[in-house]
Amino acid sequence: MIIDAISWFCLMLGCFFCFSGGVGILRFPDFFTRMHAASVTDSLGAILILVGLMFQAGLTLVTVKLAFILLFLLLTGPASSHAMAKAALHSGHKPMNSNTSDDAAKNSASGGDVSNP
Amino acid sequence: MFTAAIIAILVTMVLALTRAILGPSLYDRILAVNMFGTKTVLGIAVVGFLMGRPDFLDIALIYALMNFIGVIAILRFFEYDPRGTTNHDR
C-alpha cells in the first residue's frame, strides 16, 4: 500500500515538473532561457516519473530496463543541451541581455535588438 | 494513476509542439523537438505500464537513443550556419 502511495506521489510530482517545463518553454522570452526550462523538465520530470514506475515494478527485470532508460536520459540530457547551446552561440545567436559581451553598448544603443548585426 | 500521467505528458507534448511551430529561430524548434522526443520516451514507458506490456520499455530505450542521435545530427548540420539566428520575437 505504501509502495503504491510513494509511486503515485513520484509520478504526479514528475508530471507536475513535466508540465511546468512545458509552460516554461512557451513563456520564456529567449532561446537560452527556454533551454533551461526544457532541460529542467527533461531531467527532473524524467527522474521522478521513471522512479515512480520503478516503485510499481518492484525488483524485476522491468526495473533494470527502467534504470537503463533513466541512466541514458540523464547522460544525454546535458550533452544535447550543451551541443544545442554551443551550436546556437557559434551561429551568432546571442543571449537576450548579453551585456557582458563586448558589443553590449551597440546592443543597448540599438534598443536591445539582438538579432545578427 | 497512469492515465493522469499520460494526460500530463500529452499536454506537455502539445506545449512543446506549439513552441516548435511558433519558435522564431531554428534552435527553438530543435529544442522543442528534443523535448517532444524525451516526453515520447516517458509516454511509451507509462503506456507500457498502463497496458501491462513490460516489453514497451525496450521501445522507449531505442527511442531515447534515436532522439539523441537525431538532435546531435541536426545540430552538427546547422552549427556554423547563420540562417538559424533569425531571432525576430522582439
Side-chain angles (χ1 to χ4, degrees), chain A residues 4 7-8 11-12 14-16 18-26 29-32 34-35 37-39 41-43 45-46 49-50 52-53 56-57 60-62 65-66 68-69 72-73 75-77 79-81 83-88 90-94 96 111-116, chain B residues 1-2 4-9 11-16 18-19 22-28 30-32 34-35 38-39 41-46 48-49 54-58 60-61 63-65 67-69 71-72 74-90:
Chain A
D4 284 346
S7 75
W8 183 81
L11 218 56
M12 288 306 123
C15 290
F16 167 71
C18 278
F19 182 70
S20 67
V23 169
I25 196 171
L26 264 182
D30 176 58
F31 162 68
F32 293 97
R34 282 180 209 131
M35 200 166 60
S39 57
T41 166
D42 276 354
S43 51
I49 286 183
L50 291 176
L53 291 179
Q56 280 292 328
T60 60
L61 181 61
V62 170
K65 284 183 191 171
L66 279 169
F68 278 137
I69 292 178
F72 187 77
L73 280 181
L75 285 178
T76 56
S80 65
S81 300
M84 230 178 287
K86 187 166 75 75
H90 276 175
S91 72
H93 194 104
K94 296 224 168 3
M96 189 169 66
D113 174 22
V114 291
S115 60
N116 221 0
Chain B
M1 174 175 65
F2 291 125
I6 290 171
I7 290 167
I9 289 176
V11 166
T12 316
M13 282 184 188
V14 169
L15 292 175
T18 50
R19 171 49 60 192
L22 291 177
S25 71
L26 167 74
Y27 296 101
D28 294 312
I30 295 178
L31 179 69
N34 181 24
M35 180 179 162
T38 314
K39 290 302 159 264
V41 170
L42 296 178
I44 293 174
V46 174
F49 265 80
D55 45 16
F56 273 18
L57 295 178
D58 305 335
L61 186 63
Y63 198 91
L65 293 167
N67 180 35
F68 176 61
I69 300 299
V71 166
I72 296 298
I74 289 177
L75 287 176
R76 288 286 301 165
F77 194 66
F78 280 111
E79 181 149 14
Y80 293 102
D81 184 337
R83 266 178 310 170
T85 58
T86 51
N87 190 353
H88 37 69
D89 56 358
R90 227 162 329 284

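Within every chain, numbering begins at 1; the chains are lettered A, B, ... in the order of the sequence lines, protein sequences first and strands thereafter. Fair warning: this is a prediction, and the values are worked out from it, not measured in the lab.
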Counting only heavy atoms closer than 4.5 Å, note whether B/L57 contacts chain A via side chain, backbone, both or neither. both

Which pair of non-hydrogen atoms, one from B/D28 and one from A/F31, has the smallest distance, and what is that distance? OD1-CD1, 3.2 Å

Pick from B/V14, B/V11, B/N34 with the largest number of heavy-atom pairs that fall under 4.5 Å of chain A: B/N34

If you look at every heavy atom in A/A38 and B/M35, which pair is closest and at what distance? CB-SD, 4.1 Å

Using the test salt bridge (Lys or Arg N to Asp or Glu O under 4.0 Å), find all partners of B/D58 that sit at least two apart in sequence or belong to another chain. A/K65

A/I49 and B/V46: which non-hydrogen atoms are nearest, and at how many Å? CG2-CG2, 4.0 Å

Residues that A/L26 engages under side-chain contact (heavy atoms from CB on, under 4.5 Å), provided they are two or more places apart: B/L15, B/T18, B/R19, B/L22

With rounding to the nearest 0.5 Å, note down the distance linking CD1 in B/I7 to SG in A/C15. 9.5 Å

Ignoring hydrogens, what is the shortest heavy-atom contact between A/S91 and B/F78? Give both atom names and the distance. CB-O, 4.2 Å

Take atom CZ in A/F68; do more than 12 heavy atoms of anything else shown fall under 6.0 Å from it? no

Please examine the side chains of A/T76 and B/N67, heavy atoms only from C-beta on, and report whether any two atoms are closer than 4.5 Å. no

On the 0 to 90° scale, with breaks at 30° and 60°, tag the B/F68-A/F72 ring pair as parallel, tilted or perpendicular. perpendicular

Rounded to the nearest 0.5 Å, how far apart are CE of B/M1 and CG of A/L11? 5.5 Å

What one should report as the nearest heavy-atom pair of B/A45 and A/L50 is CB-CD2, 4.4 Å

Residue part contacting chain B, namely of A/A85, when any heavy atom lies under 4.5 Å: neither

Sort out for me which of A/T60, A/I25, A/V62 touches chain B most, counting heavy-atom pairs under 4.5 Å. A/I25

Less than 4.5 Å to any heavy atom of chain A: does that hold for the side chain of B/L31, its backbone, both, or neither? both

Would you name the heavy atoms of B/L75 and A/A87 that are closest together and state the gap between them? CD2-CB, 3.9 Å

Best-contacting candidate, B/P54, B/A4, B/A60, B/A5, against chain A by heavy atom pairs under 4.5 angstrom: B/A5

Please look at B/L61 and chain A and tell me whether the side chain, the backbone, both or neither of the residue comes under 4.5 angstrom of a heavy atom of that chain. both

